[in-house]
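First up is the structure itself, then whatever we jot down about it.
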There are 2 protein chains.
Amino acid sequence: MTTTRERIITSTEPVFDAHGFAGIGVDRLTEAAGVSSRTLYKHMGSKTGLIAAVLDARRDRFSRVFAVSTVDELFDALASWVRSEGARGCLFLRALGEDGHGVAEVEHAVAEYRELLHRVMASIVERETGGADELLAEQLLVVFEGATSAASYRGQRAVDAARAAARSLVVART
Amino acid sequence: MTTTRERIITSTEPVFDAHGFAGIGVDRLTEAAGVSSRTLYKHMGSKTGLIAAVLDARRDRFSRVFAVSTVDELFDALASWVRSEGARGCLFLRALGEDGHGVAEVEHAVAEYRELLHRVMASIVERETGGADELLAEQLLVVFEGATSAASYRGQRAVDAARAAARSLVVART
DNA sequence: ACAGAGGTAAAACGCTCGTGGTACATTGGT
DNA sequence: ACCAATGTACCACGAGCGTTTTACCTCTGT
């Protein structure tokens, strides 16, 4: 059973992804959620509250999809994410850029996502090389971020190139 | 001598970079430019026209700064860009994400930037390896995009890691 | 000396925004 | 049978949006 709150969050996430945060009106969001504005405000408090909740939910979903332990699994997961949802650049970065700076709830959600992302890379490094390697983890992070950005206009080519790059970087350090 | 139009563009660019496009009001922009709204509209036509002009100007500046021919020069240029302007993620990607999709002037400016970026990578590949290599160019593009994104929260570490990654990828293909 | 270009300040346009209020419908548990 | 919870539709608020208008000022070249 899905609660109304969950329905609001899951149905507004793609709207934010497609149109951004500042430029979209609450009425378009309520329409997408199939819910009255009164209900939306009762569950989310404010538009900012909704944005924070959407980012939190996305982070949770992300953490499930990217619970991987090798470079190949990482880019398999990214490829299927891009295939099923498209790519419009990192939603957390975009949220921060649209005046999310200074909004505590948004900043917190973004910070949590970034820590998660870093942990994913560190654990892949551990599994692939049998130890910690801060530089390699940073490199994988950069390549992954680059793939999500570049995929928005280069498509799967960017993901494939990122996968090859990451593999080659791991080999170079073992 | 700098024209009023140039002054408007150069002084509003950092405001867009800091606060985004949709969320910032024209009055904040005129204030930053030190210009009346009448003058701004006479020179730029509309807020959208201003955004397109700002993106065009940024692309020009970018093309001057990144007129490089080696991987090291590329990341030297990026490092000093990040040092002097900070990093908040690719402004072109962000412009598109804030409902720039479907706005012809914005889409055009972004497309031109991306072609430029791709040409820069291809010419570096040419110089570094003595020939064309589509995969390597795509990899450098990904690494560069990743560095600009990741630098927004990892700082110069991301740029350094990207530089090392790019160098290693070039070596692996020569 | 004066025309014209290019600037200013201030107000107002119609519209949309985020948010809350009011009043009514549906439904499940006891 | 009915209460409480949870939803709806609809309207109103004050604020801010992008944009245009009106009226005035200040240079600069001839």
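Given the structure is predicted, the values throughout are model-derived calculations rather than measurements. To find a chain, count down the sequence lines: A is the first, B the second, and so on, and within it residues start at 1.
- Listed pair Thr39(A) / dT8(D) meets the phosphate criterion, a side-chain N or O lying under 4.0 Å from OP1 or OP2.
- Distance from the side chain of Val26(A) is smallest to dT19(C) among dG18(D), dT19(C), dA9(D).
- For dG20(C), neither phosphate oxygen OP1 nor OP2 lies less than 4.0 angstrom from any side-chain nitrogen or oxygen of Tyr41(A).
- Residue side chain Arg38(A) reaches the base of dG21(C) through a donor-acceptor N/O pair under 3.5 Å, judged by distance alone.
- For dG7(D), one of the phosphate oxygens OP1 or OP2 lies less than 4.0 angstrom from a side-chain nitrogen or oxygen of Thr4(A).
- For Phe21(A) and dC17(C), the CZ to C1' distance is 18 Å, given to the nearest whole Å.
- Atoms NZ (Lys42(B)) and P (dT22(D)) sit 13 Å apart, rounded to a whole Å.
- Glu6(A) places its CD atom 12 Å from the P atom of dG7(D), with the value rounded to the nearest Å.
- Residue contacts for Ile24(A): at a heavy-atom cut-off of 4.0 Å it reaches the sugar-phosphate backbone alone, with no base atom in range.
- One can find a donor-acceptor pair under 3.5 Å joining the base of dT20(D) and the side-chain atoms of Ser37(B).
- Residue His43(B) places none of its side-chain N or O atoms closer than 4.0 Å to OP1 or OP2 of dG6(C).
- Tyr41(B) meets the side chain to side chain contact (heavy atoms under 4.5 Å, CB included) test with Val26(B); sequence neighbours excluded.
- Note on Glu85(A) versus Arg61(A): salt bridge recorded, some NZ/NE/NH1/NH2 to OD/OE distance being below 4.0 Å.
- Heavy atoms of Gly23(B) sit nowhere under 4.0 angstrom from any nucleic acid atom.
- Rounded to a whole Å, the CG atom of Asp27(A) is 15 Å from the C1' atom of dA12(D).
- For the pair Met44(B) CE and dG18(D) P, the interatomic distance rounds to 15 Å; values are reported in whole Å.
- Note on Gly49(B): nothing from the nucleic acid sits closer than 4.0 angstrom, heavy atoms only.
- The only option from Leu96(A), Leu93(A), Leu91(A) that meets the side-chain contact (heavy atoms from CB on, under 4.5 Å) definition with Val110(A) turns out to be Leu96(A).
- Atom pair Leu50(B):CG and dG18(D):P shows a separation of 11 Å (rounding to whole Å applied).
- Ion pair Arg157(B)/Asp160(B) not flagged as a salt bridge, since none of the NZ, NE, NH1 or NH2 atoms sits closer than 4.0 Å to an Asp/Glu carboxylate oxygen.
- Contact annotation for Ser46(A): backbone-only contact, meaning every heavy-atom pair under 4.0 Å involves sugar-phosphate atoms and none involves a base.
- Among Val159(B), Leu74(B), Ile124(B), the single residue meeting the side-chain contact (heavy atoms from CB on, under 4.5 Å) criterion with Phe144(B) is Leu74(B).
- Computed from coordinates, the Leu40(B) CG to dT8(C) P distance equals 10 Å when rounded to whole Å.
- With rounding to whole Å, Leu29(A) atom CG is found 8 Å from dG18(C) atom P.
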